[in-house]
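All values below come from the heavy atoms of this structure, side chains included, with hydrogens, waters and symmetry mates left out. Source: prediction; values computed, not measured. Chain A is the first sequence line, chain B the second, and so forth, proteins listed ahead of strands; every chain is numbered from 1.
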Amino acid sequence: MDYLEIANSKTLYAIVLFILVFIYIQAFIFYRLATKRAKELGVSEDKIKKTKRAAMVSTVVPSLAIVVGLVTIAPALGIPVSWARLGMAGSLMYEIVVATLGGKVMGAESLGGPGYTPQAFANSVWLMTLGVFPSYLLVIFLLKKYKTVLQTKASADRAWQEIMATTIFISVFAALAIPYLFKGGDELAATATGAVAMLVMGLAIARFKLNWLKEYALSFSMILAIAVVVLKNL
Amino acid sequence: MTDSANIYQQKVHFIGKLTTTIFLFATLMLPLALWLKFDLLPSWEGFISGLGIVLSITVPALTAEFLCYTTVIGAAAYYVMGISGNYSNIRIPSALVALDATDTDSTTEEGELLTTMAVAVSVITTETILLAGVILLAPFTDFFSHPVLRPGFQQIVPGLFAAILVSFALKSIKAALVPIAIALVVVLSNQVSFTYMIPTVILISVVAARVLYKKGYYQGR
């Protein structure tokens, strides 16, 4: 039996749909819980509406990147596994690297290429699944304790807590964005466009008090980056 | 912490731990189905050697993510994000855009609640778009694979990361200078692999920021 017949079987679709429903339910439960508590605290309806709109708008464009990822890996891993991995706990780069590795250690030349047997496919799926387990274990066993430690430290020195949070946050995105600047080509064009677009909009928001733009600036920056790369390649 | 805040936090951790545990086992259903229904198992050697390599990459990366993102969003938001993934490219940005749009501080209880709502809405949005992507895979494949558009869609992530970096650097230029300078040095030195790039930049930046904080560099920022 061709491994892709198994990879696209109804059984796997049924499992992924079950997981999807579970994710929806969990998100809904936490949304309700947070909304109820926010109302107890007197958070305005307007703020809640703004939060929902901002989150939705800023999610659309990067979610399209996931669909692009799905289009990329579904021919090699089948739709259900690609869907589950990209939309539920994974990310495109991680899945491609680990799935390829899973095949290579089983003797395959490449992901979905010669030597990518049903057993190699099974190895890819096991490795993609187990590779992110540390993330769940950290959440289950350490999140509560770590949050308590952070809250204790915050009350001890709130100014330092704020600086540390900002430093950590900017470190993450500096480490993620800066390497693209040195890759040249499309990566450089997209990175520079995203940065310049956000810089201009950020300054405009501050100078002209364009508060409505805050919700859309990130999406506009990404759309501009896409447009510049498309134009560059025409 | 007030009694009602305590009750809320207890509920969050109980539901969060429970749902994450169920999800952990639910994700095993895919490989278990391959084994139990289709009799497909990898060789023991291939599995062990592959798992060793994968965990050597994921354990430090996931631990670094856990340590830093927990400082930015609340526990409830982290439980939601934890099972749906896409931390740095979708969930954290959407939570931060929501905080920015509502002028709310992430370290307050209100900020924690708004990031939870933002991450939950973001998860529902992504999963719905992905569901549409699966249903419409054939036309989507044509659209995203179009030779004119394809290069653009492949560069969404670099544009996103750069925009987030600038957006938050603008809010606190003084605080942003240290990590940006350190990231530049680390990248240009070419001594650190991508896997360890984020924890390395965080570690050096936090130590440098602590020294500068003690010297009064951040006063009046």
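Shown here is A/K147, whose NZ atom has more than 12 heavy atoms of other residues, nucleotides or ligands within 6.0 Å. For A/K232, the NZ atom sits in a packed shell: over 12 heavy atoms of surrounding residues, nucleotides or ligands are nearer than 6.0 Å. The number of heavy-atom neighbours closer than 6.0 Å to CG of B/D142, taken from other residues, nucleotides and ligands shown, is above 12. Atom NZ of B/K171 has more than 12 heavy atoms from other residues, nucleotides or ligands within 6.0 Å. Annotation: B/R210, atom CZ; neighbour count of heavy atoms from other residues, nucleotides and ligands within 6.0 Å is above 12.
Among B/L51, B/L55, B/T70, the residue with the largest count of heavy-atom pairs under 4.5 Å with chain A is B/T70. Among the candidates A/I25, A/I48, A/V68, A/T51, the residue making the largest number of heavy-atom pairs closer than 4.5 Å to chain B is A/T51. Between chain A and the options B/I204, B/T116, B/I202, B/L131, heavy-atom pairs under 4.5 Å are most frequent for B/I202. Between chain A and the options B/A75, B/G133, B/A77, B/G16, the largest number of non-hydrogen pairs under 4.5 Å is found for B/A75. Between chain B and the residues A/K36, A/R32, A/E40, A/Q119, the most heavy-atom pairs under 4.5 angstrom are made by A/Q119. Looking only at heavy-atom pairs under 4.5 Å with chain A, the residue among B/V157, B/V148, B/V119, B/N89 that has the most is B/V148. When B/A118, B/S122, B/A169 are compared by the number of non-hydrogen pairs under 4.5 Å with chain A, B/S122 comes out ahead. With chain B as partner, the option from A/A165, A/A177, A/S124 having the largest number of non-hydrogen pairs under 4.5 angstrom is A/A177. Among the candidates B/A26, B/P147, B/S4, B/A98, the residue making the largest number of heavy-atom pairs closer than 4.5 Å to chain A is B/S4. Interface summary for chain B: among A/A190, A/A74, A/A206, A/A227, the most heavy-atom pairs under 4.5 angstrom belong to A/A190. Residue with the most contacts toward chain B among A/A34, A/A120, A/A27: A/A34 (heavy-atom pairs, distance under 4.5 Å). Ranked by heavy-atom pairs under 4.5 Å with chain B, the first of A/E187, A/M201, A/M164 is A/E187.
Heavy-atom minimum distance, A/P80 versus A/V16: O-CG2, 3.3 Å. Residues B/P151 and A/V229 approach most closely at O-CG1, 3.5 Å, considering heavy atoms. Annotation for B/V59 and A/P134: closest pair CG2-CG, 3.9 Å, computed over non-hydrogen atoms. The minimum heavy-atom distance linking A/W83 with A/L70 is given by the pair N-CD1, 3.8 Å. Listed here is the closest heavy atom pair of A/L218 and B/A163: CD1-CB, 3.8 Å. When all heavy atoms of A/I23 and A/G87 are compared, the pair lying nearest together is CD1-O, 4.4 Å.
With a 4.5 angstrom heavy-atom cutoff, A/L138 touches chain B via backbone and side-chain atoms both. Of the atoms belonging to A/T193, not a single heavy atom falls under 4.5 Å from chain B. With a 4.5 Å cut-off on non-hydrogen atoms, A/L176 touches chain B through its backbone and its side chain both. Contact annotation for A/I140: both backbone and side-chain heavy atoms come within less than 4.5 Å of a heavy atom of chain B. Proximity to chain A (any heavy atom under 4.5 Å) is shown, for B/L203, by neither the backbone nor the side chain. With a 4.5 angstrom heavy-atom cutoff, A/D186 touches chain B via backbone and side-chain atoms both. Of the two parts of B/T128, the backbone and the side chain both hold a non-hydrogen atom closer than 4.5 Å to a non-hydrogen atom of chain A. The part of A/L20 that comes within reach of chain B is its side chain, from C-beta onward, which places non-hydrogen atoms under 4.5 angstrom from that chain. The contact between B/V97 and chain A is made by backbone and side chain atoms together, counting heavy-atom distances below 4.5 Å. Contact of A/S221 with chain B is made through the side chain alone, with heavy-atom distances under 4.5 Å. Contact of A/M222 with chain B is made through the side chain alone, with heavy-atom distances under 4.5 Å. Only the side chain of B/I92 comes within less than 4.5 Å of a heavy atom of chain A; its backbone N, CA, C and O stay farther away. Contact annotation for A/S135: both backbone and side-chain heavy atoms come within less than 4.5 Å of a heavy atom of chain B. Heavy atoms closer than 4.5 Å to chain B are found in both the backbone and the side chain of A/A122. Only the side chain of B/L170 comes within less than 4.5 Å of a heavy atom of chain A; its backbone N, CA, C and O stay farther away. Residue B/V186 does not touch chain A at all, counting heavy-atom pairs closer than 4.5 Å. Residue A/A65 touches chain B through both its backbone and its side chain, counting heavy-atom pairs closer than 4.5 Å. Looking at A/Y180, the atoms closer than 4.5 Å to chain B (heavy atoms on both sides) all sit in the side chain, from C-beta outward. Only the side chain of B/L188 comes within contact range of chain A, with heavy atoms under 4.5 Å apart. Contacts between B/T63 and chain A at a heavy-atom distance below 4.5 Å involve backbone atoms as well as side-chain atoms. Neither the backbone nor the side chain of A/F141 comes within contact range of chain B; no heavy atoms are under 4.5 Å apart. In this structure, the portion of A/I29 lying under 4.5 Å from any heavy atom of chain B is its side chain and not its backbone. Interface residue B/V123: only side-chain heavy atoms are found under 4.5 Å from chain A.
Side-chain contact check for B/F168 versus B/I164: some heavy-atom pair is nearer than 4.5 Å.
A cation-pi arrangement is absent between B/K174 and B/Y218, since the terminal nitrogen or guanidinium carbon is not both under 6.0 Å from the aromatic centre and inside a 45° cone about the axis.
Rounding to the nearest 0.5 angstrom, the gap separating the CG atom in A/L64 from the OG atom in A/S219 is 10.0 Å. Between atom CZ of residue A/R53 and atom CH2 of residue A/W212 there is a gap of 11.5 Å, rounded to the nearest 0.5 Å.
Note on A/K50 versus A/E215: no salt bridge recorded, every NZ/NE/NH1/NH2 to OD/OE distance being 4.0 Å or above. With respect to the salt-bridge test (charged N to carboxylate O, under 4.0 angstrom), the residues A/K47 and B/D103 do not qualify.
Here A/Y24 and A/F28 keep their ring centres 6.0 angstrom or further from each other. Aromatic rings from B/F153 and B/F143 are positioned such that their centres are separated by under 6.0 Å.
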Determine, stepwise, if the pair B/R91 / B/T126 fulfils side chain to side chain donor-acceptor pair (under 3.5 Å). CA-CA 10 Å; B/R91 309 294 169 234; B/T126 302; 3.0 Å; yes
